[in-house]
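Note that ligands are numbered from 1 as they come in the structure, with each ligand's atoms numbered from 1 the same way.
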Amino acid sequence: MDKWTGVIAIDGPAGAGKSTVARRVAAALDVSYLDTGALYRALAYYLDSRAIPPQENDLLKTALGDVSVEIDGQKVYLNGDDVSSLIRTPAVDKIASLYSALPSVREKLLNLQREQAQKGGLVADGRDMGTVVFPHAQVKIFLTASAEIRAKRRYDELSARGVTVDYEKLLNEIRARDDADAKRAIAPLRQAEDANLVDSSDMSIEEVVGAIVEKARGSVHA
Ligand code: DC
């Protein structure tokens, strides 16, 4: 079978399992994986650490002009510094949602995301992969799960890393983020018309990965 050379766009709310699934699908097809949430997290981390408020203004535009964001596999760099682990905290969860609603933040990351597909096959996950960044993706998946299941997964993930969190608080934060991501004016989280809906609430990761790989192999690019 020829190597997959197209784009698989995976969108969905926080905690639906997108990054785990996307990484495994990429490995199964031997193509690159792009975690676009990491890019938004990195920019939010940068802007927040410089006390730039999440509002469109000249301060924000200047700060965005001053920063370079790079991604290399699982690593994200801000002006050459590896921030990959600094951006995985509940505090960054919150601010990333605020900054990612700003048009100039999204504009800054658009080409960087598209460039990743020029190197060959790609599995990209985020909120607007199938709708805005890769509207012509060969396979589009909208991966979701109930808010309770997503909060439990996030709780387990953070606990495993030694981060102490409260489940109820996480659940409320997930609901608030869903709301913010779905209601923002620019590139809101929504299922593309031609996306396949996958509800992972009662599915194992293997089942979800298997379903997406099968879809990719069955498409014209396999
Ligand atoms: O997937 P994540 O939780 O790492 O994403 C972090 C934040 O970035 C989240 O609030 C949604 C936002 N995001 C976005 O707006 N567009 C993307 N393509 C990816 C993430």
Step through the shown structure and confirm whether more than 12 heavy atoms of other residues, nucleotides or ligands are within 6.0 Å of [atom1] on [X].
| X | atom1 | result |
| --- | --- | --- |
| Tyr33 | OH | yes |
| Glu107 | CD | no |
| Asp58 | CG | no |
| Glu115 | CD | yes |

N or O pair under 3.5 Å between [X] and ligand 1:
| X | value |
| --- | --- |
| Lys18 | no |
| Arg127 | yes |
| Tyr40 | no |
| Arg41 | yes |
| Arg106 | yes |
| Arg184 | yes |

Lys/Arg-Asp/Glu bridge criterion (N-O < 4.0 Å) met for Asp35, Arg88: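 Between Arg88 and Asp35 there is a salt bridge, with a charged N closer than 4.0 Å to a carboxylate O.
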Which of the atoms of ligand 1 are close to [X], meaning less than 4.0 Å from one of its heavy atoms?
| X | result |
| --- | --- |
| Met129 | 18 (N) |
| Arg177 | 3 (O), 9 (C), 10 (O) |
| Ser100 | 12 (C), 15 (O) |

Below 4.0 Å, non-hydrogen atoms only: which portion of [X] touches ligand 1? Side chain, backbone, both or neither.
| X | result |
| --- | --- |
| Lys94 | neither |
| Leu189 | neither |
| Ser97 | both |

Which residue holds the protein heavy atom closest to [atom], what is that atom called, and what is the gap in Å?
| atom | value |
| --- | --- |
| atom 20 (C) of ligand 1 | Gly37 CA, 3.6 Å |
| atom 19 (C) of ligand 1 | Thr36 OG1, 3.4 Å |
| atom 7 (C) of ligand 1 | Ala96 CB, 3.7 Å |

Where is the tightest heavy-atom contact between Asp93 and Arg177, given as atom of each residue plus distance?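 Between these two residues, the closest heavy atoms are O-CD, 3.6 Å.
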Determine yes or no for a side-chain-to-main-chain donor-acceptor pair under 3.5 angstrom, with Arg106 supplying the side chain and Ser100 the backbone.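 Indeed, once roles are kept as given, a pair shorter than 3.5 Å links the two residues.
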Between Arg184 (side chain only) and Ala187 (backbone N and O only), is there a donor and an acceptor less than 3.5 Å apart?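 It does hold such a pair.
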Taking atom CD of Glu214 and atom OG of Ser219, what is their separation to the nearest 0.5 Å?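 Spacing of CD (Glu214) from OG (Ser219) equals 12.0 Å.
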